[in-house]
Amino acid sequence: SSRTWKVVGGGDKGGVLVRQGKALTSEQLPERLGTGAVVKELKLEGDRLHFELDSGSGPSSGWVSTRLKDKELLVVLDGEKPAGKDVLKK
């Protein structure tokens with residue numbers, strides 16, 4: 001079952017950078033994945049997410065980084081609530 005992710009980062013830049021392939025050297029798509037967009041996980045490799053756009057603005061598919069240094073760019077949606085660190089603490 002594929003997970004759903006929400007874009008929480010990139011607000012200052014108009015969204016998160018999307019590339020054609022997994023490699024950080026692969027071609028950059030002209031359109032960014034908009035903050036607030038919801039995407040479906042096709043594949044997750046490390047911090048690299050291959051996505052399919054579900055709602056919001058951005059390319060229909062591509063690869064994004066889920067985090068940048070210590071900043072989260074995308075979070076997994078658990079039902080309606082983003083599965084943040086405090087949600088997981090019992």
Side-chain angles (χ1 to χ4, degrees):
S1 62
S2 64
R3 293 187 295 180
T4 303
W5 293 70
K6 184 174 185 178
V7 183
V8 294
D12 50 341
K13 297 189 182 71
V16 175
L17 187 68
V18 182
R19 293 187 186 276
Q20 235 164 15
K22 185 182 71 166
L24 294 168
T25 49
S26 78
E27 196 180 330
Q28 199 173 304
L29 297 183
E31 203 182 349
R32 282 176 177 260
L33 188 57
T35 308
V38 174
V39 300
K40 221 160 59 183
E41 175 184 317
L42 299 178
K43 193 170 199 178
L44 184 66
E45 296 199 16
D47 286 342
R48 300 289 287 159
L49 173 71
H50 189 203
F51 73 87
E52 189 176 78
L53 188 66
D54 197 28
S55 67
S57 64
S60 55
S61 67
W63 287 82
V64 289
S65 293
T66 56
R67 54 190 316 122
L68 202 58
K69 300 187 180 82
D70 54 354
K71 211 164 92 179
E72 291 192 320
L73 298 178
L74 287 92
V75 293
V76 175
L77 284 181
D78 178 21
E80 286 303 294
K81 293 186 294 291
K85 292 174 186 61
D86 33 45
V87 180
L88 301 175
K89 273 191 210 126
K90 286 274 182 287

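Just so it is clear, the model here is predicted, and its values are computed rather than measured. Side chains included, hydrogens not; waters and symmetry mates left out as well; all remaining heavy atoms used.
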Of Val75, Asp70, Leu68, the residue whose pairing with Glu72 passes side chain to side chain contact (heavy atoms under 4.5 Å, CB included): Val75
Pairs flagged by ring pair (Phe, Tyr, Trp, His ring centres under 6.0 Å) wherever residues 13-46 is involved - sequence neighbours left out: none
Minimum-distance pair of heavy atoms, taken over all atoms of Gly15 and Arg32: O-NH1, 3.0 Å
Over all atoms of both residues, closest heavy-atom pair of Leu73 and Gly10: CD2-N, 4.3 Å
Atom pair CH2 (Trp63) and CG (Leu42), whose distance is rounded to the nearest 0.5 Å: 8.5 Å
Pairs satisfying salt bridge (Lys or Arg N to Asp or Glu O under 4.0 Å), at least one member in residues 7-22, at least two apart: Lys22-Glu45
Joint cluster assignment, Leu17 & Val7, ILVMFWY side-chain distance < 4.5 Å: no
Ring pair (Phe, Tyr, Trp, His ring centres under 6.0 Å): pairs with one or both residues in residues 17-44, sequence neighbours excluded: none
Heavy-atom pair of closest approach, residues Gly21 and Ser26: N-OG, 2.9 Å
Sequence-distant partners of Ser61, side chain to side chain contact (heavy atoms under 4.5 Å, CB included), two or more places apart: none
Results of side chain to side chain contact (heavy atoms under 4.5 Å, CB included) for Leu44 - residues two or more places apart only: Arg3, Trp5, Glu41, Leu49, Thr66
With Glu27 via side chain to side chain contact (heavy atoms under 4.5 Å, CB included) - residues at least two apart: Gln20
Validation row: Leu74, Phe51 side chains within 4.5 angstrom (heavy atoms): no
Residue pair Ala37 / Ser57: nearest heavy atoms and the distance that separates them: CB-O, 3.8 Å
Sequence neighbours excluded - ring pair (Phe, Tyr, Trp, His ring centres under 6.0 Å) pairs with any residue from residues 16-44: none
Non-hydrogen side-chain atoms of Val39 and Leu33 separated by less than 4.5 Å: yes
Of all pairs that satisfy salt bridge (Lys or Arg N to Asp or Glu O under 4.0 Å), the ones with a partner from residues 55-64, not counting sequence neighbours: none
Of all pairs that satisfy side-chain hydrogen bond (donor to acceptor under 3.5 Å, both in side chains), the ones with a partner from residues 47-56, not counting sequence neighbours: Lys40-Glu52, Arg48-Ser65
